[in-house]
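Data first, discussion second: the structure below is written as structure tokens.
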Amino acid sequence: MKEEYNFKEVEAQWQQYWEEEQVYKSEIQDKDEYYVLEMFPYPSGNLHMGHVRNYSLGDVFARFRRMEGYNVLHPMGWDAFGLPAENAAIERDIHPNDWTWDNIENMKEQFKMLGLSYDWEREVATCHPDYYRWTQWLFLQLYKEGLAYKEKSVVNWCPSCQTVLANEQVIDEECERCDSQVIDKELEQWFFKITDYAEQLLDDHHLLEDWPQRVKTMQKNWIGRSEGAVIEFAIEGSDEALEVFTTRPDTIYGATYMVLAPEHPLVEELVTGTDQEEEVKEFIAQIKEQDEEERTGSDSEKVGIDTGIKAINPVTEEEVPVMIANYVLMDYGTGAIMAVPAHDERDFDFAKKYDLPIRVVIQPEDEELTAEQLEEAYTEDGVVVNSEILNGLSVDEAFDKIIAYLEEEGLGQKEVNYKLRDWLISRQRYWGTPIPIIYCDDCGIVEVPESDLPVELPTDVEFTGTGQSPLAKAEDFIKTTCPECGQEAEREVDTMDTFVDSSWYYLRYTSPDFTESAFDSKRANYWMNVDQYIGGIEHAILHLLYSRFFMKFLHDQGYVDYKEPFGDLLTQGMVLLDGAKMSKSKGNIVDPLEILDNYGADVARLFILFAAPPERDLDWSDEGVEGAERFLNRVWRLVAQNIDQLKDVTGDFEITTDADKKLHRQLHVTIKDVTVDVGERKQLNTAISAIMELVNSAYKYLNDVQELNYQLLRAVVEKIILVLAPFAPHMTEELWSQLGFEDSVHQQSWPEYDEEAIKKDEITIVIQVNGKVRDKVEVAADISEDKLKELVKKQDNVQRYLEGKEVVKEIVVPQKLVNLVVK
RNA sequence: GCCGGGGUGGCGGAAUUGGCAGACGCAUCGGACUUAAAAUCCGAUGGGACUUUCGUGCCCGUGUCGGUUCGAGUCCGACCCCCGGCACCA
């Protein structure tokens with residue numbers, strides 16, 4: 001055995017072995033399953049450090065659980081539809097299909113070089129007709145249940161990508177992908193009715209105990225549930241009524257005016273023919289010209305206009321003016337509000353500016369508010385005043401009472417509102433899953449029969465780069481016959497948002513060969529849910545919320561038992577260089593292929609797992625990589641330098657000396673630490689440092705001890721190899737075989753630790769005087785408390801502090817510490 | 001503004017239940033091996049004062065200020081700073 005480790009040879013050799021022997025193949029067995037999943041990548045063709053981190057993390061968990069005896073499912077695939085393929089087609093004249101499949105082949109090669117333990121027989125690619133056929137099938141299931149619908153609406157349009165974006169894909173009025181300014185456009189679009197699941201998506205967070213709190217919080221904010229009431233305000237001189245949504249019905253007696261959104265549908269009807277008509281229309285036109293940020297940003301100036309119309313406050317029966325203002329949004333609630341300036345900051349600002357009446361209806365306990373003296377809205381709790389039937393009640397009591405009253409009088413009812421909007425899934429792109437819908441002049445919107453799926457993407461299309469989707473011009477694709485009446489009809493030319501593809505892939509992995517449906521319920525119920533899901537925090541809302549929605553829908557349809565797709569979620573931090581996100585445009589990239597070439601996969605994996613805990617951002621460090629290399633070489637030499645003696649060992653070890661005992665104890669401490677760190681705490685950095693300590697101890701033993709106990713040493717070396725195996729799969733495999741074993745190290749059982757071996761006979765007791773450490777003493781672990789108290793007082797350094805003082809209290813923490821309190 | 005996470009040596013980071021702060025690694029310094037270098041191995045490394053006592057000794061130290069406690073990086077209160085999310089959502 002050579003003293004120098006040749007990673008190139010060893011890594012290639014074992015990768016080939018794993019593939020040939022199908023070491024990571026998974027099938028249903030009569031034992032506990034464990035599903036480890038990393039978010040599948042877009043096949044850009046370039047492996048980057050984020051991938052290395054994500055997939056190394058997942059691989060450690062998969063290998064660890066396998067050794068623990070679980071039947072592990074660890075699949076990989078490709079989120080293969082999307083815009084970059086089309087751009088490549090335009091820029092480089094390569095068909096998106098060819099470009100994508102070339103990239104997949106490339107990246108798969110690179111993934112294999114990392115030594116990742118995937119069952120490649122389960123590979124899926126969302127752009128393959130065998131996959132998107134079932135994406136289309138899922139669309140049809142949603143359509144049948146009324147959860148997919150088409151509607152004309154104002155949408156976010158990215159002029160550069162020439163497509164519609166979901167609300168979630170718009171960041172600060174800009175396209176999340178290309179940063180172009182997003183504009184409004186009115187189009188007929190397909191939506192998924194995710195709002196039907198708003199309540200469940202929120203409620204079921206309680207099932208997700210192992211999710212990071214911040215992900216749940218982000219989703220909660222996004223769903224934006226608020227409880228309140230819808231209340232009707234009659235309009236003076238009209239049969240129409242205005243409905244408002246409010247979360248503070250308890251303040252209704254303080255509602256001194258109303259505000260409508262400029263787009264409110266009743267505005268036009270109500271002002272037409274009045275004196276204010278022209279003024280109001282001009283104002284609305286002005287507002288519409290403002291961009292979104294200017295108009296609705298939280299620090300935008302509030303502007304409005306009096307319509308001259310009067311409404312009737314349903315409880316006070318007073319006339320109140322109806323205003324139009326930019327601070328009321330049409331797409332939330334009813335697009336109209338009752339304004340309570342005394343108790344709402346926005347209404348207060350607006351009322352001050354336009355000199356509208358203010359009436360205090362909530363009084364705090366400790367001071368007396370008056371409308372004249374009020375300098376800001378009072379939004380806290382208090383006692384209701386000036387409110388007839390509500391007077392004297394608390395805010396909570398008034399809330400319930402007024403709703404009951406309004407419901408009785410037929411003036412309103414309790415209602416829950418959400419910020420969550422339906423999911424717009426239409427994209428005016430070519431490289432995506434075609435929406436399986438046909439338009440017939442007579443029959444209208446007709447679904448493609450399930451037996452006709454997949455609606456295949458035509459390959460013979462033109463990429464002009466003019467922006468219009470190539471599908472919209474593919475005559476052969478568009479022209480079809482109506483499945484219902486047989487006459488000429490046209491296909492839908494939009495494709496689906498790629499988030500639809502990725503909302504169910506985790507189910508497809510459980511039965512990728514299934515031809516009767518999207519997945520085999522029997523197999524899905526065996527493997528699901530995903531026990532450990534790992535990916536970037538950037539998917540906290542979009543992908544994770546959509547996947548949860550799909551899972552719930554499929555659950556409700558009886559296709560799968562679970563309600564939630566992902567049990568435990570680990571959101572890994574970014575890989576940075578000099579504190580900044582690696583990016584091509586900035587030129588601060590560390591190429592994983594270079595690292596693989598110079599150091600090998602085991603070093604790359606070990607460094608990236610050791611440098612920071614999984615959830616935190618990680619700064620790349622060349623020196624750190626060398627440290628990882630140094631450590632692995634140290635492990636290698638530990639075996640190589642002693643291979644002859646280690647190989648010849650027979651029989652079990654016996655512990656005779658103190659040095660033996662110490663090493664043996666360290667061995668069990670390490671096994672325990674690694675087991676807990678990987679299995680429970682998911683802190684792989686500390687798991688690795690525990691292994692490093694054991695290796696250091698083994699070296700110390702070799703250096704310090706004359707009569708080496710090779711039986712013990714062999715046991716230690718074996719265990720080092722086993723616990724290191726999930727992290728450095730290639731080197732450990734080679735070392736395992738060098739020790740004479742014939743089976744793969746990755747098919748061994750995870751070593752067990754013995755609590756008895758961890759116990760010490762002699763323990764160090766820390767002695768404090770008045771809470772400060774003054775001495776330490778070695779004592780037998782089973783020493784009595786009285787003896788210990790006596791002993792600590794005899795220590796030289798302790799005596800110095802006791803001299804001339806009186807011990808007033810003695811605190812003994814068993815096995816750890818004695819604190820003497822003196823005066 | 002609201003919500004969430006965080007602030008520990010020169011650096012990345014440990015400290016599991018309130019009980020030795022700084023594990024492990026990097027960097028640096030010293031030593032061994034070598035003709036030399038690399039590699040490797042051994043040792044030192046939070047700050048400070050003390051020099052007739054160089055220590056198994058002393059003082060300070062986990063963003064700031066205060067509190068609880070025999071004892072606080074850890075718990076409580078107030079504040080400062082950094083990162084992320086949301087932001088006129090009635």
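In what follows, chains carry the letters A, B, and so on, assigned in the order in which the sequence lines appear, proteins first and then strands, with residues in each chain numbered from 1.
- When the nucleotides B:A27, B:G12, B:G85 are ranked by their closest atom to the side chain of A:R630, B:A27 comes out on top.
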Open item on the list: Using the rule given for salt bridge (Lys or Arg N to Asp or Glu O under 4.0 Å), can you reason through A:K672 versus A:E755, listing the C-alpha separation, both sets of side-chain angles and the distance that settles it, and then say yes or no?
Closed with: CA-CA 9 Å; A:K672 182 178 182 180; A:E755 289 285 1; 3.1 Å; yes

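- Contact between the side-chain N/O atoms of A:N685 and the OP1/OP2 oxygens of B:A14 is found at a separation under 4.0 Å.
- Across B:G12 and B:C2, the matching P atoms stand 30 Å from one another, rounded to whole Å.
- With RNA chain B read from its 5' end, the first of the two nearest nucleotides for A:M692 and A:N797 is the one closest to A:M692.
- For the C1' atoms, the distance from B:A72 to B:C20 is 14 Å, rounded to whole Å.
- Side-chain proximity of A:V813 to B:G19, B:C70, B:A90: nearest is B:G19.
- To the nearest angstrom, P of B:U56 lies 11 Å from NZ of A:K776.
- On the P atoms, B:A37 is 11 Å away from B:A32, given to the nearest whole Å.
- With hydrogens and angles left out, the side chain of A:K809 and the base of B:C70 share no donor-acceptor pair within 3.5 Å.
- Taking atom C1' on both nucleotides, B:G10 is separated from B:U45 by 11 Å, rounded to a whole Å.
- A donor-acceptor contact under 3.5 angstrom links the side chains of A:D422 and A:T195, judged on distance only.
- The phosphate of B:C59 (OP1 or OP2) has a side-chain N or O of A:R774 nearer than 4.0 angstrom.
- Per the geometry, NZ belonging to A:K216 stands 16 Å off C1' belonging to B:G85, to the nearest Å.
- Straight-line distance between the C1' atoms of B:U8 and B:G46: roughly 10 Å, to the nearest whole Å.
- Heavy atoms of A:K816 sit under 4.0 angstrom from primed sugar atoms or phosphate atoms, though from no base atom.
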- [ ] Any chance you could lay out the salt bridge (Lys or Arg N to Asp or Glu O under 4.0 Å) test for A:K353 and A:E301, step after step, and finish with the verdict?
- [x] CA-CA 10 Å; A:K353 183 171 172 186; A:E301 174 79 16; 2.6 Å; yes

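- With salt bridges taken as basic N to acidic carboxylate O contacts below 4.0 Å, one links A:K414 and A:E227.
- Distance from the side chain of A:T686 is smallest to B:A14 among B:A90, B:A14, B:C20.
- If A:A690 and A:A612 are placed on RNA chain B by their nearest nucleotide, the residue sitting closer to the 5' end is A:A612.
- Closest to the side chain of A:L817, from the set B:C42, B:A90, B:G19, is B:G19.
- A distance of about 14 Å separates the P atoms of B:C60 and B:C65, rounded to the whole Å.
- A close approach under 4.0 Å does not occur between any side-chain nitrogen or oxygen of A:K581 and OP1 or OP2 of B:C83.
- As rounded to the nearest Å, B:G18 and B:G73 have C1' atoms that lie 11 Å from one another.
- Using a 90° window around 0 for the glycosidic torsion, B:G9 falls inside it and is classed as syn.
- Proximity of A:R681 to the phosphate of B:A15: a side-chain N or O atom is located under 4.0 Å from OP1 or OP2.
- OP1 or OP2 of B:G25 sits under 4.0 Å from a side-chain N or O of A:N696.
- Taking every side-chain heavy atom of A:S689 into account, B:A23 is the closest of B:A23, B:G13, B:A90.
- Under 4.0 angstrom from either OP1 or OP2 of B:G5 there lies no side-chain N or O belonging to A:Q213.
- Between A:R637 and the phosphate of B:C41, there is a side-chain N or O to OP1/OP2 separation shorter than 4.0 Å.
- Looking at A:E345, its side chain has no donor and acceptor atom pair within 3.5 Å of the base of B:G1.
- Separation of the C1' atoms belonging to B:U69 and B:G77 is 16 Å when rounded to the nearest angstrom.
- A straight line from NZ of A:K772 to P of B:U69 spans 18 Å, rounded to a whole angstrom.
- For A:N819 against B:C70, a side-chain N or O and a base N or O form a donor-acceptor pair under 3.5 Å.
- Side-chain polar atoms of A:R800 and A:N797 form a donor-acceptor pair below 3.5 angstrom.
- In summary, A:R214 and A:E615 do not engage in a salt bridge, as defined by a charged side-chain N under 4.0 Å from a carboxylate O.
- Contact annotation for A:E778: no contact, since no heavy-atom pair falls under 4.0 Å across all strands.
- Of the N and O atoms on the side chains of A:N313 and A:Y253, not one donor lies less than 3.5 Å from an acceptor on the other residue.
- Note: CZ (A:F348) to P (B:A90) measures 20 Å, nearest angstrom.
- In this structure, of B:G4, B:C41, B:A90, it is B:A90 that holds the atom nearest to the side chain of A:I337.
- In this structure, A:R616 reaches the B:G13 phosphate: one of its side-chain N or O atoms is under 4.0 Å from OP1 or OP2.
- Contact annotation: A:Y418 does not reach the phosphate of B:A90 (side-chain N/O to OP1 or OP2, under 4.0 Å).
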